[in-house]
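Single-structure report; data block below.
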Amino acid sequence: MDLHISLEGPGDRTDRIYRQLRDAILDGRLRHGERVPPSRALARDLAVARNTVAAAYDRLVGDGFLAGRAGAGTFVAYRGSATVARRAPVGPLRPSRRFAALGPEDPATPPARYDLRIGHPDASLFPLAAWRRLLGRSLHASADYHDPSGLPPLRSAIARHIGLSRSVRASGEDVLVTSGAQQAIDLVARVLIEPGATVAVEEPGYRPVRRLFASLGARVAGVPVDADGIVVDLIPPSARLVYVTPSHQHPLGIAMSLERRSALLDWAQEHRAAIVEDDYDSEFRYSDRPLEPLQSLDRAGRVIYVGTFSKTLLPSLRLGFLVAPEALRPALRAARRIADWHGEPAAQAALAAFIDEGLLQRHLRSVGRVYAARHDLLVRAARGPLAPWYTLVPSSAGLHAALRCTAPVDVDGVVRRLRAADVALEPLTRFYAEPRRVPDQGLAIGFGAIATADLPEALDRLAAATRPS
Ligand SMILES: Cc1ncc(COP(=O)(O)O)c(C=O)c1O
């Protein structure tokens with residue numbers, strides 16, 4: 001037997017002998033039934049104490065790699081090694097065909113000095129001191145697993161909060177706490193969608209959710225969005241689930257009209273389909289009267305309402321929730337348990353206290369004023385320096401709006417020139433699954449991440465990058 005053991009490198013000597021013998025067995029250099037040198041002989045060859053080798057052998061025997069036979073010596077006991085050695089080499093592990101068909105993830109647009117990317121709140125507005133205090137108070141060791149639906153005080157606090165702020169009809173029992181909106185939608189899809197089922201999404205729309213549905217084997221159908229929201233007449237009749245962002249369409253920013261809302265609810269009832277209402281950022285409002293959520297208009301139990309604290313607090317907290325019709329609750333709770341059992345209880349307790357002590361309301365009021373000022377700056381720029389080429393798509397909530405081109409503009413060129421001028425933003429084409437069929441060109445403008453003082457300069461740079469030279 002040609003057994004080479006090196007004692008160079010870090011780690012204690014027993015450990016190195018153990019690892020090298022184990023590796024030789026695992027990759028078939030030492031086969032089942034083969035005799036290893038007596039510990040005394042190996043110790044002599046390696047110039048180490050016999051105990052050093054004996055301890056390594058003991059560990060290998062204890063782990064089942066070696067076995068001693070009285071009077072005959074020590075032999076390889078692990079059977080896998082012989083099998084590995086005989087088989088033809090196989091390729092690396094690969095994801096399932098369904099997963100591979102998803103293709104690579106969308107490359108993230110990198111940030112810049114002037115950050116107009118959408119979906120990012122202002123981290124400097126996060127109430128860090130209050131959160132630290134509440135989290136510190138909530139951190140206590142608990143040996144047990146928790147309820148997959150979430151901490152009861154948080155579920156009640158969320159139900160009260162969305163009842164007041166969004167007129168969602170829910171009690172704590174109806175709320176399931178999730179790791180962000182993304183997990184809420186994942187749980188709903190797991191529970192409702194058979195592989196091969198059709199799911200309708202808005203086109204343009206929120207790509208991470210489109211990929212989520214595809215990853216579960218759904219046939220994802222993009223449905224156009226007009227000035228009133230998703231065009232209900234174009235939803236495929238076979239769709240089992242329709243995913244929409246009615247309060248603030250992602251990325252166009254429009255609110256679904258009341259008429260369209262009731263058409264969508266009628267459609268879902270008629271086709272026995274579910275609606276996922278993703279209300280991800282409408283707590284920031286720039287007009288008096290928000291439209292009723294689909295959830296509160298729904299009388300047929302078709303709507304699952306999804307919310308998140310990613311925009312009101314921080315995306316990294318991974319705190320979201322869903323409100324589902326009663327019939328789906330046990331399955332959704334089971335799905336959460338299958339996925340990761342439950343979220344992080346300390347953060348959930350901290351958020352419950354944050355809501356109960358009135359801090360969320362206060363935070364939303366003060367942060368809302370900051371975002372309203374930014375929204376105002378964008379409205380003014382759209383009426384002023386940007387008016388020759390763009391019009392602002394009407395939008396009265398959230399942290400972004402869309403600029404639609406009203407004159408010929410080389411949008412990709414504008415994005416490139418802005419990148420060179422240290423401004424990050426994305427063209428509307430990025431939000432289409434089929435960018436070649438885009439009806440109109442434009443830009444999505446996020447005002448969550450950029451400081452208010454920087455926004456006028458960023459918008460001036462946008463005008464300069466659009467102006468023909
Ligand atoms: C349409 C939409 N839904 C949901 C979210 C938030 O997802 P999460 O709560 O998983 O962070 C975003 C964030 O950008 C979004 O744009």
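A quick note: this is a predicted structure, and the numbers were derived from the prediction, not measured. Just follow the structure's listing: the first ligand is 1, and inside any ligand the first atom is 1.
The N/O atoms of His250, backbone and side chain alike, include one that comes under 3.5 Å of an N/O atom in ligand 1. Below 3.5 Å of separation, one finds no N or O of Pro315 facing any N or O of ligand 1. Residue-to-ligand polar distances place Lys311 within reach of ligand 1: an N/O pair is separated by less than 3.5 Å. For ligand 1, the polar-atom distance check against Arg318 finds a nitrogen or oxygen pair separated by under 3.5 Å.
Taking the six-membered ring where tryptophan is involved, the planes of His248 and His400 are tilted, since the angle between them lies from 30° to 60°.
The distance from ligand 1 to the heavy atoms of Ser310 drops below 4.0 Å at these ligand atoms: 8 (P), 9 (O), 11 (O). Listed by number with element, the atoms of ligand 1 under 4.0 angstrom from any heavy atom of Thr308 are 8 (P), 9 (O). Residue contact check: Gly180 has heavy atoms under 4.0 Å from atoms 9 (O), 10 (O) of ligand 1.
Residues Leu26 and Tyr78 meet the side-chain proximity criterion, which asks for heavy atoms closer than 4.5 Å. Between Pro204 and Leu252, some side-chain heavy-atom pair lies under the 4.5 Å cut-off.
No hydrogens or angles considered: a donor-acceptor pair under 3.5 Å links the side chains of Thr466 and Tyr390.
Of the heavy atoms in Tyr243, only side-chain atoms (C-beta onward) come closer than 4.0 Å to ligand 1.
Not a single heavy atom of His120 lies less than 4.0 angstrom from ligand 1.
Salt bridge status for Glu203 with Arg210: present, with a side-chain N to carboxylate O gap under 4.0 Å. A salt bridge does not link Glu202 with Arg260: every distance from a Lys NZ or Arg NE/NH1/NH2 to an Asp or Glu carboxylate oxygen is 4.0 Å or more.
Heavy atoms from other residues, nucleotides or ligands lying under 6.0 Å from CD of Glu259 number 12 at most.
Of all protein heavy atoms, the one lying nearest to atom 3 (N) of ligand 1 is Asp278 OD2, 2.5 Å. The nearest protein atom to atom 12 (C) of ligand 1, hydrogens excluded, is given as Tyr206 OH, 3.3 Å; this is a heavy-atom distance.
Of the candidates Arg336, Arg337, Arg333, Asp147 forms a side-chain hydrogen bond (donor to acceptor under 3.5 Å, both in side chains) with just one, namely Arg333.
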